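Residues: numbered from 1 along the sequence shown. Here the structure is a predicted model, which is why all the values come from computation and not from measurement.
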Amino acid sequence: MAANPKSTAALGRGGRLELGEVLATLVADGLLATDDAKRIRAAGRGGRGVVELHPLVVIASAKPENRADPGKPLTVESLTVWLADKAGLPYLKIDPMKIDAAAVTQAISQAYAQRHRILPVAVETGAVTFASAEPFDTHWAADLSQMLRREVKRVVANPLDIHRYLMEFYGVQRSIAMAREAKQDSTDNSAILNFEQLLELGKSGEIGADDRHVVHIVDWLLQYAFEQRASDIHLEPRREAAQIRFRIDGVMHKVFELPAAVMTAVTARIKILARLDVAEKRRPQDGRIKTRSAGGREVELRISSMPTAFGEKIVMRIFDPDIVVKEFAQLGFSPDEERTWRAMVERPHGIVLVTGPTGSGKTTTLYSTLKHLARPELNVCTVEDPIEMVAPEFNQSQVQPAIDFDFAAGVRTLLRQDPDIIMVGEIRDLETAQMAVQASLTGHLVLSTLHTNDAPSAITRLLDLGVPHYLIQSTLAGVVAQRLVRTLCPHCKVKAKQDPQTWSVLTRGWVLPPPAEVYEPVGCLECRNTGFLGRTGVYEMMTVSPRLRGMITAQLDLGAFTGGALEDGMQPLRISAATQVRRGVTTVEEVLSVLPAGE
């Protein structure tokens, strides 16, 4: 959006932006129709609240057409970019994961920031950067520069973001400070008693008033994780300060630090919510929390605690039903792979295995498949450790090793429960494998997981467990190995030329010409400048054909067996991934970071 020099002079003459002058400037710049400007001016006089009265918010809420981009409305973000250009200042999309909230909130008080509608976003040795949606109101900058004795840099940001993160950053820091003070007061016996009483109140479902700061921190942490599309939340205690990290699209990101004493209180709060034993800190515990996202969507979290050198480490795995259960095409299956997978699972009996390391999407594949198979006329049962996500379509059971209710015992019991389809969380030992085989032989479809690197290795794994080769021949219908790779952001990816040498590393041993055109990551607001948005699966699908059954022997030659599977049409993970690169879904570099060329 090129600035019109004449119209720029009319903006901010009184310091703060006025709706009329902003509308007139937008009309002069050819971004807004005159009729829309009149309509917005008439409606804008009834705005409410500090943020709602900001001219950019008033204009965007009316959703007028952007005449520079016909068919699309003027949004707060596009208007903010335009305003930054008019003011000759850098535009900043506030990314809370890249801001040290503890440092920036020390720069100025919340009251001062609210009064001038500014938000500190970066603190350096000789400078502090402030975001503002009022770029022509500059009198505060000189005052702050003198007060802070540092250079004051200014950027322009979305007024809604400034208002939101001003409240969040200062609110969370205030809660942390209050929690730390409460913990430091533990030298007083009454303070210790109050803290222990608080835990008892939490166990009974009552939240004491003195605990509101810890409640606030935990609530903010969960909502923040949902918003950032995190799959896991890691709370990691250290000697001086505990750190909080999110796993987003398979990559760990450090997002926050908490004082060690505050982390202890936060950990206790999470254990209370998960119905864990708060007093027990010496042994690992597992639990779950059911909550809701800001949009009202129900979300389940699986909680795992583990003692470490400096306290309990908590990992919360997030299971969003809208993300976990998907259609086959959304999982990354190609049309051929979907047909192969359906042929494996839409059968009355047999064993189908999904293999891969932890975090490779096996749970998502199995739950999505069960959701597809579950019909009113079928009895679908699962034995899991733990139950990853509660689904109303299944009968789910969790193993309890402490009372000798393991996977094998669970499957043995299920066979008396008249099941049609059985899902076993994992085949870990011979007894479980034998029960899965027995269930298959008696006319049931069994779905389960194994930890192997590729599909053919599942046969050797079953043989290593002690399953007789003739039973594997009789029951195994197919094996799918899978991995997850990050997908390119559709909003910013650009066309590029594929390097033939890199392509040959990926497709080693296969004659696949490099694609004429691929895509590469760039980075934008939607993907938080990573260039990637979400993940998809790559699959190695091995259907156990009659020829392969004949090759399964007690002394299996894995190399010959793998060669036979390839001749029968199995495509290695690398080639499945190469297909995704050809489709413009991901990049060779991303695939090789997840899947070494030797696999």
Side-chain angles (χ1 to χ4, degrees), residues 1-95 112-121 129-144 152-167 524-526:
M1 298 181 183
N4 182 333
K6 293 181 180 179
S7 62
T8 302
L11 274 177
R13 286 174 298 186
R16 292 281 174 92
L17 294 171
E18 297 292 338
L19 179 61
E21 64 185 20
V22 174
L23 289 170
T25 309
L26 285 168
V27 171
D29 282 0
L31 301 178
L32 185 67
T34 304
D35 290 344
D36 285 337
K38 290 178 180 177
R39 173 172 59 86
I40 295 168
R41 184 181 288 107
R45 296 191 183 104
R48 299 192 311 271
V50 175
V51 180
E52 286 80 357
L53 284 176
H54 192 283
L56 300 191
V57 178
V58 174
I59 295 168
S61 64
K63 298 181 180 178
E65 183 182 25
N66 184 348
R67 298 186 68 188
D69 192 1
K72 294 185 179 180
L74 283 169
T75 63
V76 177
E77 212 64 59
S78 62
L79 288 168
T80 305
V81 174
W82 167 82
L83 181 61
D85 185 49
K86 302 296 280 186
L89 291 173
Y91 161 78
L92 175 70
K93 173 61 179 176
I94 298 175
D95 184 350
Y112 190 93
Q114 284 181 315
R115 185 161 64 251
H116 296 285
R117 303 183 194 177
I118 57 177
L119 176 70
V121 291
T129 303
F130 291 88
S132 171
E134 297 283 356
F136 302 103
D137 180 9
T138 60
H139 68 278
W140 56 267
D143 294 341
L144 273 184
V152 169
K153 298 180 180 179
R154 296 186 300 129
V155 296
V156 179
N158 185 323
L160 294 172
D161 286 350
I162 291 174
H163 176 77
R164 173 192 170 180
Y165 292 116
L166 194 154
M167 303 303 293
C524 66
L525 301 179
E526 297 292 335

message = Using every non-hydrogen atom in the two residues, find where V58 and I40 come nearest and quote the distance to one decimal.
response = CG1-CG2, 4.2 Å
Value rounded to 0.5 Å, distance of CG in L17 from CD in E134 = 4.5 Å
task = Classify the ring geometry between W140 and F130 as parallel (under 30°), tilted (30 to 60°) or perpendicular (over 60°).
result = perpendicular
query = Quick one: CZ on R117 to CD1 on I162, what's the gap to the nearest 0.5 Å?
reply = 10.0 Å
request  = Without swapping roles, check the side chain of D29 against the backbone of L31 for a donor-acceptor pair under 3.5 Å.
outcome  = no
Validation row: L74, W82 side chains within 4.5 angstrom (heavy atoms) = no
message = Nearest 0.5 angstrom please: T138 OG1 to D143 CG, how far?
response = 10.0 Å
key: Point-to-point distance, once rounded to the nearest 0.5 Å, from OH of Y165 to CD1 of I94   = 7.5 Å
Reported CG-to-OG distance for the pair L56 and S78, which is rounded to 0.5 angstrom = 9.0 Å
inquiry  = Please give me the minimum heavy-atom distance between A33 and V27, naming the atom from each residue.
reply    = O-CG2, 4.2 Å
task = Considering non-hydrogen atoms only, spot the tightest contact between A133 and A157 and give its length.
result = CB-O, 3.6 Å
inquiry  = Can you tell me how far apart CZ (F136) and CD (E18) are? Round to the nearest 0.5 Å.
reply    = 13.0 Å
request  = Taking the side chain as every heavy atom from C-beta outward, state whether L144 and I118 have any pair of such atoms under 4.5 Å apart.
outcome  = yes
ask   = Quick check: does any side chain N or O of E65 sit under 3.5 Å from a backbone N or O of G71, one acting as donor and the other as acceptor?
value = yes
message = I'd like to know if R39 pairs up with D36 as an ion pair, taking the criterion as any Lys NZ or Arg NE/NH1/NH2 lying under 4.0 Å from an Asp or Glu carboxylate oxygen.
response = yes
ask   = Under the 3.5 angstrom rule, does the side chain of R154 hit a backbone N or O of P135 as a donor-acceptor pair?
value = yes
